[in-house]
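Encoded as structure tokens, the structure appears first; notes follow it.
In this chain, numbering begins with 1 at the start of the sequence shown. Ligands are counted one by one from 1 in listed order, and the atoms in each one are counted from 1 as well.
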Amino acid sequence: MKDLVKKLVESYGPAGDEGPVRQMIEEEIKELADEVRVDALGNLIARKKGNGKGKKVMLAAHMDEIGIIVTSIDDKGFLRFAPVGGWSPPTLLGKRVIFANGTSGVIHTEHLDDIKELKVTKLFIDIGASDKATASENVGIGDMAVFYGPLFDMGERWVAKAMDDRIGCVVLIETLRQLGACDHDVYFVFTVQEEVGLRGARTAAYGVDPEIGIACDVTRVGDTPKSHIMEVSLGGGAAIKVKDSSLICHPALRKHLVEIAKENKIPYQLEVLERGGTDAAAMQLSRAGIIAGVISVPCRYIHSPSEMVDAGDVKACVDLLVQSLKGSMVLQ
Ligand code: CO
Ligand code: ZN
């Protein structure tokens with residue numbers, strides 16, 4: 001599983017430009033699914049057919065990652081940019097970014113008398129060009145870049161950019177691999193544009209029209225020094241979401257997931273995330289409404305180039321999803 005994590009987190013795929021990572025995931029799953037298609041927005045939808053006795057279930061993990069988009073190039077070849085998805089300016093200082101064509105750059109700031117003046121508008125990217133003409137040979141207005149950096153393998157813990165939500169993509173791929181025959185008609189959907197407003201999940205859910213939707217995404221933790229109070233910790237197991245700022249998970253589905261975890265002795269924790277959303281919110285409000293929930297991978301330092309997850313938690317999420325799908329999915 002580690003090799004797959006490394007491959008996916010190191011690949012390029014900001015919101016709206018997920019082609020490279022989609023291709024990689026398609027390679028991994030095409031032999032495992034009964035049908036694979038890509039919709040107009042770019043969602044990758046893989047179906048594992050049921051036997052007609054089960055439910056229609058949609059699983060969603062987003063392929064896109066946060067990044068930046070070039071807004072202008074000055075005479076000296078420095079790039080100005082805007083965010084793609086959410087990040088805070090201090091996170092970007094001194095960081096390296098990479099464009100789809102391999103062009104690399106470093107982010108720095110104008111002179112500031114006070115660090116409090118640090119805003120996106122003060123930042124620029126230096127791609128090593130000496131003037132506008134040379135810079136424009138490699139980068140144009142509207143080009144996107146993502147954080148650059150290899151996976152740090154710390155043994156049980158892994159650090160990389162884009163764990164949000166390539167680790168969810170890994171959970172879905174592993175689930176598809178381990179599932180075997182099952183009653184339910186399961187759609188494994190690798191969504192686009194989550195980071196800019198859950199857009200891919202919305203059209204995918206409409207198209208698939210499932211009875212139950214489960215998203216797999218990262219969630220915050222409350223276990224680092226003087227962090228915001230939150231009862232989720234790294235290494236504490238799969239997080240079963242109760243609520244975030246985008247949805248309240250369907251109570252029957254949430255209870256069902258807790259029961260499956262208990263029965264199978266899968267480590268789990270309950271999650272209340274005060275700020276943040278997931279694809280499950282878009283699924284829940286699709287058409288006349290869908291029963292939706294979330295299995296989250298606890299993650300430190302979300303939306304930075306160094307997002308950290310725990311291997312045991314990832315395994316717990318896979319186990320929970322596999323065991324849920326092997327069961328009846330009758331919710332009460
Ligand atoms: Co995110
Ligand atoms: Zn995410």
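Between the Co ion (ligand 1) and His303 there is an N/O/S contact shorter than 2.8 Å. Residue Asp164 counts as close to the Co ion (ligand 1), with an N, O or S atom under 2.8 Å. For Glu195, every N, O or S atom stays at 2.8 Å or more from the Zn ion (ligand 2). Here Glu195 meets the criterion, with an N, O or S atom under 2.8 Å of the Co ion (ligand 1).
Of all N/O/S atoms in Asp164, OD1 sits nearest the Zn ion (ligand 2).
The main-chain N or O of Thr219 is never found under 3.5 Å from a side-chain atom of Ser296 such that the two would form a donor-acceptor pair. The main-chain N or O of Val186 is never found under 3.5 Å from a side-chain atom of His184 such that the two would form a donor-acceptor pair.
Note that Arg287 lies in the cation-pi zone of Tyr206, set by a 6.0 Å cut-off to the ring centre and a 45° limit from the axis.
Ring planes of Phe78 and Phe124: perpendicular class, angle over 60° (limits at 30 and 60°).
Asp185 pairs with exactly one of Lys56, Lys49, Arg47 by the salt bridge (charged side-chain N to carboxylate O under 4.0 Å, His left out) rule, that one being Arg47.
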